[in-house]
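Pasting a structure here, questions to come.
If you're wondering where the values come from, they're calculated on a predicted model, not measured in any experiment.
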Amino acid sequence: MLSPGGLILPRSFYQRPVAEVAADLLGQHLHHGEVILRISEVEAYGGPEDSASHCRFGRTARNAPMWEAGGVVYMFLCYGVHHLLNIVTGPQEDASAVLIRACEPLAGLALIRERRGGRLQGPALLTGPGKVTQALGIDLTFNCHPLFTPGGLELRAGSAPAAILRGPRVGVPYAQPEHREAPLRFALADSEWVTHRQELG
DNA sequence: AACACGATGGACT
DNA sequence: GTCCATCGTGTTA
């Protein structure tokens with residue numbers, strides 16, 4: 001099989017407003033080697049006035065990938081410990097990206113468990129942005145990696161979700177109230193593989 | 001050169 | 001619920 005799973009998503013998929021892409025990322029499949037994950041929870045960041053975004057103080061060396069045209073990866077190291085995966089959206093110069101917060105495992109479960117420490121099972125394996133990148137086996141070296149071309153990390157068409165939940169983003173106490181409370185977190189309504197379920201409506 | 005600070009996760013009371 | 005590991009980055013000097 002030349003293209004296992006769904007078709008690879010074209011670059012145009014990403015060249016839209018970040019909240020729109022975020023919702024449409026739910027149910028799509030991340031492929032890396034033998035591991036395949038179905039995206040179950042995301043958050044939208046960016047736009048000109050988002051005080052929760054890494055780009056709130058303008059362009060820097062770290063956030064440069066967020067200013068690229070949509071379809072590439074923006075990785076960053078959180079707390080010196082966890083690598084977090086973002087998918088850049090919109091046209092070039094539009095600093096926006098979607099944080100991948102949780103996934104469901106579709107393939108490569110044995111490798112995922114091994115990478116996650118060997119003893120865990122169930123949602124504890126993949127409910128959290130740092131857990132997703134550990135399961136995929138990716139780190140800062142994937143910064144700017146294109147998702148719309150075959151090879152390495154890829155995003156492929158999955159199955160459309162039956163229903164979606166929205167709620168405030170997690171872990172952004174430093175943002176202004178209107179940005180803290182904005183319903184920019186999206187999750188599969190029928191999935192157990194979601195963090196902080198109680199905060200979602 | 002020095003320093004403060006995280007878009008977290010796991011262990012523990 | 002609490003505690004805290006750990007390091008790249010941005011800011012300040």
Side-chain angles (χ1 to χ4, degrees), chain A residues 14 17-19 21-23 25-26 30 37 39-68 70 72-90 94-105 112-145 153 165-187 192-200:
Chain A
Y14 307 93
V18 62
V21 178
L25 279 168
L26 293 175
L30 282 165
L37 305 181
I39 298 173
S40 55
E41 181 187 344
V42 300
E43 283 175 355
Y45 285 89
E49 305 244 331
D50 184 4
S51 65
S53 169
H54 284 172
C55 296
R56 63 190 177 280
F57 300 132
R59 186 197 287 265
T60 65
R62 178 178 69 164
N63 67 33
M66 281 186 68
W67 303 77
E68 293 301 313
V72 300
V73 164
Y74 165 48
M75 299 290 300
F76 87 99
L77 182 63
C78 187
Y79 294 98
V81 185
H82 308 290
H83 296 93
L84 272 54
L85 168 63
N86 292 262
I87 296 178
V88 176
T89 63
D94 172 70
S96 60
V98 178
L99 172 68
I100 307 301
R101 287 194 51 88
C103 293
E104 301 174 345
I112 292 169
R113 292 193 67 204
E114 181 187 324
R115 286 172 171 165
R116 293 280 297 121
R119 293 181 297 281
L120 299 170
Q121 51 186 332
L125 283 171
L126 285 166
T127 50
K131 300 176 185 181
V132 170
T133 59
Q134 197 179 6
L136 285 169
I138 61 174
D139 57 23
L140 287 180
T141 64
F142 280 75
N143 235 334
C144 296
H145 178 86
L153 187 65
L165 298 177
R166 294 185 66 158
R169 293 172 292 185
V170 178
V172 291
Y174 52 84
Q176 296 184 347
E178 65 264 35
H179 302 146
R180 245 192 350 251
E181 295 157 15
L184 292 173
R185 183 160 69 109
F186 303 81
E192 298 302 308
W193 303 74
V194 173
T195 70
H196 306 281
R197 279 296 292 271
Q198 68 282 4
E199 295 169 30
L200 291 171

Counter-base of B:dC5, judged by Watson-Crick or G-U geometry with both distances under 3.5 Å: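 Checking every strand shown, B:dC5 finds its partner in C:dG8, with both distances under 3.5 Å.
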Starting from P on B:dG6, measure out to CG on A:N63 and report it in whole angstrom.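 Nearest whole value for this atom pair: 16 Å.
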A:R62/A:Y74 under side chain to side chain contact (heavy atoms under 4.5 Å, CB included): CA gap, chis, key distance, verdict: CA-CA 9 Å; A:R62 178 178 69 164; A:Y74 165 48; 3.8 Å; yes
Atom CZ of A:F57 to atom C1' of B:dA7: distance rounded to whole Å?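 Distance, rounded to whole Å: 14 Å.
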What is the distance from CZ of A:F186 to P of B:dA7, rounded to the nearest Å?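 After rounding, the gap between these two atoms is 19 Å.
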From CG of A:L77 over to P of B:dT8, roughly how many Å is that when rounded to an integer?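 In whole Å, B:dT8 P and A:L77 CG are 12 Å from each other.
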Starting at the 5' end of DNA chain B, which residue's closest nucleotide do you reach first, A:V170 or A:A124?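 The answer here is A:V170.
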Exam field: side chain A:S96 to backbone A:G47, donor-acceptor pair closer than 3.5 Å: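 No; zero donor-acceptor contacts below 3.5 Å.
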Using atom NZ of A:K131 as one end and atom P of B:dA11 as the other, report the distance to the nearest whole Å.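 Nearest whole value for this atom pair: 10 Å.
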Roughly how many Å is it from CZ in A:R169 to P in B:dG6, rounded to a whole number?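 Result: 15 Å.
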Below 4.0 angstrom from OP1 or OP2 of B:dG9, is there any side-chain N or O of A:R116?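 Answer no for this pair, as no side-chain N or O of A:R116 is under 4.0 Å from OP1 or OP2.
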Using the closest heavy atom to pick a nucleotide of DNA chain C for each, name whichever of A:A61 or A:H82 lands nearer the 5' end.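 On the 5' side of the pair lies A:H82.
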Take atom CD in A:E49; do more than 12 heavy atoms of anything else shown fall under 6.0 Å from it?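 12 or below, so no.
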A:Y79 stacking on C:dA5: centroids under 5.5 Å, ring planes under 30°?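 Base of C:dA5: not stacked against A:Y79.
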Examine A:H54 together with A:Y45 and report whether their ring centres are nearer than 6.0 Å.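 No: the rings miss the under 6.0 Å criterion.
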A:R119 has a side chain; which of B:dG10, C:dT9, B:dA11 sits nearest to it?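 Closest nucleotide among those given: B:dA11.
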Where the side chain of A:Y45 is defined as all heavy atoms beyond and including C-beta, which of B:dG10, B:dA7, C:dG10 is the nearest nucleotide?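 So the nucleotide nearest the side chain must be B:dA7.
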Counting the atoms with a prime plus P, OP1 and OP2 as sugar-phosphate, which does A:V81 contact under 4.0 Å by heavy atoms, base, sugar-phosphate, or nothing?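 Base contact.
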Taking a pair as Watson-Crick or G-U wobble with both distances under 3.5 Å, which nucleotide is matched to C:dT2?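 B:dA11 is the nucleotide pairing with C:dT2.
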Round to a whole Å and report the spacing from NE2 of A:H83 to C1' of C:dT6.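 From A:H83 NE2 to C:dT6 C1': 11 Å.
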In whole angstrom, give the distance that lies between atom CG of A:D139 and atom C1' of C:dT6.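 So the CG-C1' distance, A:D139 to C:dT6, works out to 16 Å.
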So, A:R169 side chain and A:L184 main chain: donor-acceptor pair closer than 3.5 Å or not?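 Checked: no pair found.
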